[in-house]
There are 2 protein chains.
Amino acid sequence: MSNSTPATIEDVARIANVSIATVSRAIHMPEKVANSTRLKVNQAIAVTGYTTNAMARSLRLGRSNMILVVAPDIGDPNFSNILIGLENEARSHGYGILIGHTQNDAQRGLEYLKFLNSNQAAGLILFTGILPFGHQTMTARLPPSVGVFEPVFNGGIPYVGVDDIAGARKAVDLLIAEGHRKIAFIGDSRTRLAYSRRRMGYEAGMDAADIGADLRIVFEGDGTIESGRLAVEQLFMRDTLPTAFMCVNDQTAIGVMIGLKARGYDIPGDFSVTGFDDVPQAVFMTPSLTTIRQPRTAIGKHAMALLLELLSDGQPTETEILLLPDLVVRNSVSAPSRIRR
Amino acid sequence: MSNSTPATIEDVARIANVSIATVSRAIHMPEKVANSTRLKVNQAIAVTGYTTNAMARSLRLGRSNMILVVAPDIGDPNFSNILIGLENEARSHGYGILIGHTQNDAQRGLEYLKFLNSNQAAGLILFTGILPFGHQTMTARLPPSVGVFEPVFNGGIPYVGVDDIAGARKAVDLLIAEGHRKIAFIGDSRTRLAYSRRRMGYEAGMDAADIGADLRIVFEGDGTIESGRLAVEQLFMRDTLPTAFMCVNDQTAIGVMIGLKARGYDIPGDFSVTGFDDVPQAVFMTPSLTTIRQPRTAIGKHAMALLLELLSDGQPTETEILLLPDLVVRNSVSAPSRIRR
DNA sequence: ACGTTATATGTAAAGGTTTACATAGCATGG
DNA sequence: CCATGCTATGTAAACCTTTACATATAACGT
C-alpha cells in the first residue's frame, strides 16, 4: 500500500497494537522483545512498508550513517576501483558513501570541513596523503578517519595502502633475474611518500644483488608522462646508458616508452621497461607494460573495514595496513641485448 | 574554540541575545531580520563556529540534501568523469552526492529502494537506462529523478545524454569524406538504445551519400572487445570486405583493431577504424583511435542541473537533453588504399 | 491623537527516532 | 505466601531545526 506519505514508527505501533518503543526495540534489539510481539511488529512493518527514517534516527543518535570519501580527483582511474571496495564494504554494514573531490582547492576543502561539522558524515576516508583542510585542521573536530594509499601528513590517521617497498622489489628482482645490471630508476621522491618508498625498494634490490644503485642512472621526475620522456632525453645525453628502466609509476613508464620509441628503439628488444600501479591503459600499450598491480578493490575494502572498526571500537587495532602488490608480467621486459655497451 | 560538542543554534542565540527563531531567520532569510541583529548573529556564529545540523534540518524539512547516484558499475571509466560534473554542480547548490552501484543485482537494487524510502536522498540520478528496482518500482515512491546517457525504460524520467545519431553521423561522414564507400558498421542494437541510435546515424549518413547500408557488412555484436574481434573474423569469411570499420563503441573498435592486427593488416593503411565514446585508452592505442567524444563532464553537469530544477520547480522544463558530441580525429582513419578489391 | 498597517522578534509545536526510567506481570526461592 | 528479581512493555524526554502564529514596536495616514 503506497500512501502519499511514508509510514512512521507510530503507524506500525498502532497496527501492531504496541508502543513505539517496542517497535524500535523489535527492529534494533530483537532479543529484548517477546517472540509473539516481534511477530506482530514484523507483520505490521510488512503491511505498512515501513522504513525507518534515517534522518530522525541520525539526529537522535547524533551520528549519521554516511561515510565521506574525499579525493583530490575523482576522475582518477585509481579512484573508481577503490570506490568499489569501499562501497561494497560500507553498504553491507548499513553505511552509505558520499563522495567529494577537492581539486587541490583550499576553498573546497573548507566546504567539506563545514560539511563534516554539520554532522553529515560519521567517518572520513582520505585519498593520497593530505588533509585537504589546510591550517583549519588544528581546530577542527574530525570524525574517525582513515587514509588510503599513503599516510596522512598532518594528522595521526591510520591508513591502508600497498607495500611499495616490497612491490618495487618485485620489479627490480625481475629485471635482475632477466640478467639486467644497469637498471635506471625513473622516480619522483618529492611529491609522494609512496614514491620514495618505491625508490627504497629499488635500492634494496640492487644492493641485495650486489650491484648497488648507480646514481648516474637514477633520475628524479615528477611522476608524469612528460617526466618519463624527459628522463630518456637526459639519460641519452650522459655516458652511462641503462639496459632497463624501472619507473616509479605507469605514467612515467609510458613516457619512457614514448621517448624510447621516438628514438627508434625496440621495447623490450633494446630496453626493458617496468611500471607501477597497473593503470587501465597499461595493458593497451605496445608492448603491453609489465608492472606492479595495486590491489585496488582490496584496498578499498580494507580501508572501509578499518574505518568501521574505528567507528565501533574507537581504537584502531593497527595504524597501518600494507597490502602486498602483485607483479604482472606482460611484454615490456626481456633479457638485455648483448650489443649494449 | 572547539569544545567537545558542536555548537547548536541555541548557543548562537544565547550569545547574540536573540531567540533561536531569529538565528534561523538570519541564516536562511536574511532580509527578514534587522541589520543590527543580523550582525550580532553573524558574530555569534563566528565565535561559536556554528554549522547548522543537517540532520535536524532535513528532518524538519522532510527532505535531505543528498542526491543518490546509482550506476551499474562505478568502476566504469565513463562513470568517474561524469561524476565530476555531477559533483561540482551539486556541491555548488548545497547538495552532496551519494553513490551506489548495483552490479545488476536485484538484491542491491532493493537495498537502494529502501534507502530512498527512508528519505535519505532528495533526488536520484540513474545511469544507463534501467530502474534497478525491478518490479518493485510500480509501488515505489521515487524522488525526482533524471537519467544519464539513456532514457530510463520503466519510468517517465527525463534524461540527458548525447545525440548518438548526430555523433554517429560525424563518424560516417568523415569516412565518406576520406573516400570510403564500403563502410562496415559493427554494432549492438540489442542491449542499449543509445547503440541502436548510433546505427541510425550510420544508416542516415550512408543514405545521404547515396550509398546505403550494405547489410552484408553490418554486424551485430554485444559491444565488447571480443565482439569486435569476432566481427572481423566473420567478415573475413564473407565475400564482401569493407574498407572501413565504423564501430558502435570504442570497446568494439579495440576488438576490431586487435582482429585486424592479428591478421597482419595495417591500420589505417589497409583498413580505417572509428569508435565512439573516447574512452581513456583510445589515445593509447596504436594507432590512436579516431572516435566520437562523450562530453562527460558536461553531461554530469546538465543532469544535475536538470535534477535540481526538478527539485525546486517540480516540473521538468524538458524531458530530454541531448548534447552534441565532438569528433576527435586521431590516426586510425585514412583514405582507402586503392589495392582493395 | 488614534486606529491601522508593516516590521521585527519571540514562543512553541512538530518532525520521527531512541532510550532512560518507570511499571506491571510473573516466576523463583525461602 | 511473601519478598525479590527478572522480563516485557510503556511513557516521555531529548536530539536540533524550521515556521505558523502571536506579540510588541514603530510608522503612517487622517
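Since we're looking at a predicted model, the values are computed, not measured.
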Nearest-Å distance for atom pair [atom1]/[atom2], residues [X] and [N]:
| X | N | atom1 | atom2 | answer |
| --- | --- | --- | --- | --- |
| Arg63(A) | dT18(C) | CZ | C1' | 11 Å |
| Leu39(A) | dT9(D) | CG | C1' | 17 Å |
| Glu31(B) | dT9(C) | CD | P | 13 Å |
| Asn35(A) | dT7(D) | CG | P | 14 Å |
| Asn53(A) | dG15(C) | CG | P | 12 Å |
| Glu10(A) | dT11(D) | CD | P | 11 Å |
| Lys40(A) | dA8(D) | NZ | C1' | 11 Å |
| Lys32(A) | dT19(C) | NZ | C1' | 12 Å |

- prompt: Which nucleotide, dT9(D), dG10(D), dC16(D), lies nearest any side-chain atom of Ala56(B)?
  reply: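 Taking heavy atoms from C-beta onward, the closest nucleotide is dC16(D).
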- prompt: Counting side-chain heavy atoms from C-beta on, which of dT9(D), dG10(D), dT17(D) comes nearest to Ile9(B)?
  reply: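 For Ile9(B), the side-chain atoms sit closest to dT17(D).
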query: Does CZ belonging to Arg91(A) count more than 12 external heavy atoms closer than 6.0 Å?
result: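 Yes - once you tally the heavy atoms of other residues, nucleotides and ligands closer than 6.0 Å, there are more than 12.
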- request: Mark yes when over 12 heavy atoms from residues, nucleotides or ligands other than Glu10(A) sit less than 6.0 Å from its CD; otherwise mark no.
  value: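 Not more than 12 within 6.0 Å, no.
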field: Stepwise side chain to side chain contact (heavy atoms under 4.5 Å, CB included) test for Asn88(B) and His101(A)
entry: CA-CA 9 Å; Asn88(B) 284 338; His101(A) 67 149; 3.1 Å; yes
message: Minimum heavy-atom separation for Pro6(A) and Asp11(A), please, with both atom names.
response: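 That would be O-OD2, 4.3 Å.
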- line: Whether each nucleotide of nucleotides 19-27 of chain D has a protein heavy atom under 4.0 Å at its base (B), only at its sugar-phosphate (S) or at neither (-) is summarised, 5' to 3', as BB-------
query: How do Val23(A) and Ser36(B) order along DNA chain C: which one's closest nucleotide is nearer the 5' end?
result: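 The residue mapped nearer the 5' terminus is Ser36(B).
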message: On DNA chain D, compare the nucleotides closest to Asn17(A) and Ile27(B); which residue's is nearer the 5' end?
response: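 By nearest-heavy-atom nucleotide position, the 5'-most residue is Asn17(A).
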field: Ser92(A) (side chain) donor-acceptor with Ala90(A) (main chain) under 3.5 angstrom
entry: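 Looks like no, no N/O pair under 3.5 Å.
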message: Using side chain to side chain contact (heavy atoms under 4.5 Å, CB included), reason through Gln120(A) and Asn65(B) one step at a time and then give a plain yes or no.
response: CA-CA 10 Å; Gln120(A) 302 223 54; Asn65(B) 60 339; 3.1 Å; yes
query: Given dT9(D), is OP1 or OP2 found less than 4.0 Å from the side-chain N or O atoms of Thr37(A)?
result: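 The answer is yes; a side-chain N or O of Thr37(A) sits under 4.0 Å from OP1 or OP2.
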Within-4.5 Å side-chain heavy-atom neighbours: Tyr50(A) and Ile9(A):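 Yes; the side chains approach each other to less than 4.5 Å.
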field: Worked verdict on Asn35(A) versus Arg38(A) for side chain to side chain contact (heavy atoms under 4.5 Å, CB included)
entry: CA-CA 5 Å; Asn35(A) 283 332; Arg38(A) 184 159 6 106; 2.6 Å; yes
- prompt: Between Leu113(A) and Leu142(A), does a side chain to side chain contact (heavy atoms under 4.5 Å, CB included) hold up when you go through it step by step?
  reply: CA-CA 8 Å; Leu113(A) 195 57; Leu142(A) 289 184; 4.0 Å; yes
Give me, pair by pair, the N or O atoms of the protein and of nucleotides 4-6 of chain C that are less than 3.5 Å apart, along with how far apart they are.
none

